[in-house]
Protein chains: 4
Amino acid sequence: MSETIRVAVLGRDGRMGSEAVRAVTDAADMELVAALGRGDDLRELVMSGAQVVVDLTVPAATRENVRFAVSHGIHAVVGTTGWDDAALAQLRSQLADSPGTGVLIAPNFAVGAVLAMKFSELAAAFFDSVEIVELHHPRKLDAPSGTAARTAALVAAAREKAGVGASPDATESDPLGARGADVAGVHVHSVRLQGLVAHQETLLGGTGEQLSIRHDSFDRASFMTGVLLGVRSVAGHPGLTHGLDGYMDLGL
Amino acid sequence: MSETIRVAVLGRDGRMGSEAVRAVTDAADMELVAALGRGDDLRELVMSGAQVVVDLTVPAATRENVRFAVSHGIHAVVGTTGWDDAALAQLRSQLADSPGTGVLIAPNFAVGAVLAMKFSELAAAFFDSVEIVELHHPRKLDAPSGTAARTAALVAAAREKAGVGASPDATESDPLGARGADVAGVHVHSVRLQGLVAHQETLLGGTGEQLSIRHDSFDRASFMTGVLLGVRSVAGHPGLTHGLDGYMDLGL
Amino acid sequence: MSETIRVAVLGRDGRMGSEAVRAVTDAADMELVAALGRGDDLRELVMSGAQVVVDLTVPAATRENVRFAVSHGIHAVVGTTGWDDAALAQLRSQLADSPGTGVLIAPNFAVGAVLAMKFSELAAAFFDSVEIVELHHPRKLDAPSGTAARTAALVAAAREKAGVGASPDATESDPLGARGADVAGVHVHSVRLQGLVAHQETLLGGTGEQLSIRHDSFDRASFMTGVLLGVRSVAGHPGLTHGLDGYMDLGL
Amino acid sequence: MSETIRVAVLGRDGRMGSEAVRAVTDAADMELVAALGRGDDLRELVMSGAQVVVDLTVPAATRENVRFAVSHGIHAVVGTTGWDDAALAQLRSQLADSPGTGVLIAPNFAVGAVLAMKFSELAAAFFDSVEIVELHHPRKLDAPSGTAARTAALVAAAREKAGVGASPDATESDPLGARGADVAGVHVHSVRLQGLVAHQETLLGGTGEQLSIRHDSFDRASFMTGVLLGVRSVAGHPGLTHGLDGYMDLGL
């Protein structure tokens with residue numbers, strides 16, 4: 001039996017952070033050695049002997065948190081947004097000086113969402129038609145969802161690379177816009193329904209057949225599978241990895 | 001065992017008509033006594049002893065066909081479009097003089113489609129949110145489909161009657177129209193995908209739950225179940241019936 | 001504007017009861033006047049002026065709670081199990097002496113689940129084939145679920161009443177039991193999957209078409225829609241009503 | 001523009017063969033130079049100048065057909081079953097002497113089915129639970145389907161390789177077998193429904209999320225996409241390839 005991983009959580013009072021505290025505590029192969037909130041001293045990370053820090057804070061704080069961790073040789077798993085190209089470049093440069101340290105920055109920790117996006121991309125060129133339907137709770141402010149737009153862009157790029165033409169569409173009359181959004185040539189439909197959380201389906205159609213790839217996120221807890229996967233894998237992936245799929249060995 | 005029903009089919013060379021010829025021939029409780037095409041003499045209906053005529057012709061012919069049948073006391077099951085209010089009024093007046101004769105005019109003979117529409121209407125007032133997704137082959141010219149628009153109208157009317165407010169929707173940003181068509185306050189989404197035939201799903205959402213009612217039409221043959229149901233039932237429903245649900249005893 | 005309904009909740013510390021306390025508190029047309037736990041004095045119901053009592057306690061307590069409420073002319077909405085035929089008969093007899101008082105006993109308060117069952121029953125006789133798939137979290141102890149078994153029984157009875165024969169099935173070889181359970185001639189399949197809550201789909205198939213009726217319960221809160229519907233309707237339905245569908249005006 | 005591929009079809013009178021004749025005829029980049037039925041002389045393949053032969057005959061004929069083709073340097077795309085290990089070994093040995101010739105033997109030509117199987121295998125180790133539901137027309141004799149059994153075996157092997165334990169399942173009571181077939185630890189459920197053709201869904205569940213991968217085969221024509229893909233690719237893949245996924249560049 002391997003020994004447990006010593007983990008610290010930053011952002012312990014946030015919605016994601018508090019889930020992470022619970023998930024790490026429940027994981028048999030991890031030990032929660034620190035859980036810091038706003039204003040707490042980062043030096044506690046060092047004193048606690050943390051091997052991996054999970055950053056689920058806010059864009060204003062995440063860069064300094066990760067810089068501090070890397071400077072002390074602590075691996076970092078980061079779910080906070082706010083990493084632009086300049087920040088990523090700076091981090092890469094810092095990591096070059098700390099060759100054994102790994103950092104994972106992931107915009108989406110739901111393993112199923114990451115796989116659904118990857119499979120949609122892989123399948124895109126084998127079918128005449130592709131459309132995307134995303135369904136969310138009615139409190140969502142924007143349509144389509146960021147994940148749907150990103151999936152559409154990946155699908156469109158894969159089709160263009162393979163030389164596949166546009167999805168066939170004989171629509172002549174659509175006065176009310178029922179055909180939805182056109183994202184890089186891929187139609188995206190946004191449903192908003194009480195009771196739902198976050199769901200997405202990629203529909204791929206060819207002569208006489210359909211392939212559907214659907215992801216349902218029922219609960220914020222779905223992100224914790226990915227967070228734990230990140231914690232377990234980060235030490236084995238020195239340097240910067242962007243996107244959880246970098247840790248998911250699909251043999252790709 | 002009851003005796004067989006003597007059936008004539010009008011429009012035997014059309015796509016629907018030829019399916020009806022086959023379906024009537026295959027039905028154990030029916031006998032196909034005539035199958036007429038364009039230009040054939042309607043008097044054959046009388047000579048063949050037909051009890052029920054199935055009209056699957058064209059708008060230009062259907063009215064005269066039905067007028068002829070009713071004038072000879074032959075029941076009629078009609079799937080042809082082209083019946084405006086004036087034509088229906090004239091037919092009702094003729095039927096008043098032929099009290100034992102029944103006519104069914106049905107815009108949709110797929111039993112499942114009729115039920116899906118009826119169930120959507122019945123459920124509409126019990127949920128906060130309702131949206132409709134229809135999916136068809138990519139050769140379809142119009143969006144949304146007529147059935148989806150009619151379902152949305154029925155759903156909207158049922159909600160208004162029950163005093164239910166609009167479906168909640170916090171969307172602030174939708175620059176590409178991902179939220180689809182707004183039909184009487186009900187969002188309708190149209191997917192066009194190679195390989196599909198005709199499919200529709202009504203999604204109803206309330207706190208913590210979803211009810212989905214989906215109909216898939218895989219084949220034109222799906223209409224024949226309704227045609228046969230009409231043939232079997234028309235003699236027991238004198239006068240004019242509009243819509244197959246008039247023959248479907250839901251205890252409503 | 002009508003005045004608010006004065007509501008008491010029994011079983012305030014249970015999982016369902018605590019949800020009900022929150023739901024009644026949040027409802028604009030209701031006032032929570034009492035919330036009792038184990039050992040509290042039922043006379044508080046009378047003193048608080050409750051018009052409707054919601055019983056979400058335990059089998060051992062529910063009969064006495066309802067008896068007390070009815071004897072004081074307080075309407076009751078009951079989600080607790082444990083009402084056998086003898087108990088129901090006794091309650092009916094008591095209600096005969098209290099003609100203005102209403103009691104609703106409902107085994108399932110999820111509006112969507114009640115409708116899904118009802119629609120399955122209504123549609124059953126119009127299709128050649130019917131099967132049921134129920135999907136639940138993997139901590140469930142029994143298969144199939146009670147709701148699936150009840151739905152299958154209703155479907156079977158509707159088909160028998162309409163004279164519909166068995167679903168066609170040419171299966172000759174099924175050494176591992178992949179065809180699932182046979183409940184009154186209706187095949188029922190039970191999926192157990194991490195991440196799910198409670199889901200059920202009735203699949204109805206005829207020539208060239210399929211009708212699917214699916215209910216998803218994502219959260220215990222789904223039951224509250226039905227509880228509130230019960231509270232709003234119970235005063236208008238004197239006597240005993242068994243099953244929430246008795247209050248859902250489907251025009252049936 | 002590349003020149004067209006000269007294609008011969010063997011088994012032109014069978015259900016699959018006649019579809020292939022039509023598909024090759026309709027393909028802009030192919031020319032149908034021969035279509036042979038039972039008893040026709042194979043030398044016609046040579047005389048017609050065929051570059052690729054499509055074998056959709058019967059187990060008793062396929063081996064000799066392919067042997068003949070390879071001996072004349074004609075590539076072969078084979079959908080016929082009946083290739084046991086001995087026959088494959090013999091073919092490999094023959095191909096070693098004909099290094100420029102390619103043969104594809106594929107048990108399933110539906111691109112979507114092949115991808116669904118592959119994605120199920122890739123995803124299997126990332127989720128706590130996996131189950132498979134397959135749905136077919138009611139004339140099918142065996143349950144579960146061969147594709148479902150193969151998918152379950154692939155899923156089980158992927159999970160074992162990754163060290164993932166059994167899917168959680170607390171079922172204590174299942175007197176009627178609602179939990180379906182256990183194939184290598186993966187539960188498989190077989191639905192038989194009038195109106196359906198061939199459909200399969202892999203359900204993968206983790207904490208708070210579900211990934212579903214579904215393939216619908218609506219029509220035999222769905223196999224033609226894979227046949228044409230085989231015809232276009234076989235010349236570029238000398239030697240024996242088993243399974244259409246060998247030609248589908250997933251970057252795997």
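- Within residues 186-209 of chain B, the residues that have a heavy atom under 4.5 Å from a heavy atom of chain C are B:Thr207, B:Gly208, B:Glu209, listed by number.
- Judged by distance alone, the side chain of C:Arg159 and the main-chain N or O of C:Phe127 form a donor-acceptor pair under 3.5 Å.
- With hydrogens and angles ignored, the 3.5 Å screen pairs no side-chain donor or acceptor of B:Arg6 with any backbone N or O of B:Val33.
- In this structure a side-chain-to-backbone donor-acceptor pair under 3.5 Å is missing from C:Thr57 to C:Leu10.
- Checking side-chain atoms of C:Thr62 against main-chain N and O of C:Val58 turns up no donor-acceptor pair under 3.5 Å.
- For a residue to count as touching a neighbouring chain, one of its non-hydrogen atoms must lie under 4.5 Å from one of that chain's; by this rule B:Ala113 touches chain C with the backbone only.
- Chain B is approached within less than 4.5 Å, heavy atom to heavy atom, by no residue from residues 134-151 of chain C.
- The shortest distance between side-chain heavy atoms of B:Glu131 and B:Arg179 falls below 4.5 Å.
- No other option in C:Leu229, C:Leu115, C:Asp128 has as many heavy-atom pairs under 4.5 Å with chain B as C:Leu115.
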Expected list for residues 12-24 of chain B: side-chain donor-acceptor pairs under 3.5 angstrom, two or more places apart:
unit_1  : atom_1 : unit_2  : atom_2 : d
B:Arg12 : NH1    : B:Ala35 : O      : 2.9
B:Ser18 : OG     : B:Gly14 : O      : 2.8
B:Ser18 : OG     : B:Arg15 : O      : 3.1

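- From C:Trp83, atom CH2 reaches atom CD1 of C:Ile105 across 4.5 Å, with rounding to the nearest 0.5 Å.
- Counting only residues at least two apart or on different chains, the side chain to side chain donor-acceptor pair (under 3.5 Å) pairs with a member in residues 221-242 of chain C are C:Asp29-C:Arg232, C:Ser217-C:Ser222.
- Checked by atom type, the side-chain pair C:Ser167/C:Asp169 shows no donor-acceptor distance below 3.5 Å.
- If you measure heavy-atom distances from B:Phe223 to chain C, you find no contacts under 4.5 Å at all.
- Judged purely by atom type and a 3.5 angstrom limit, B:Asp216 has no side-chain atom pairing as donor or acceptor with the backbone of B:Phe218.
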Please step through side-chain contact (heavy atoms from CB on, under 4.5 Å) for the pair C:Phe109 and C:Val77, ending with a clear verdict. CA-CA 10 Å; C:Phe109 275 113; C:Val77 171; 3.6 Å; yes
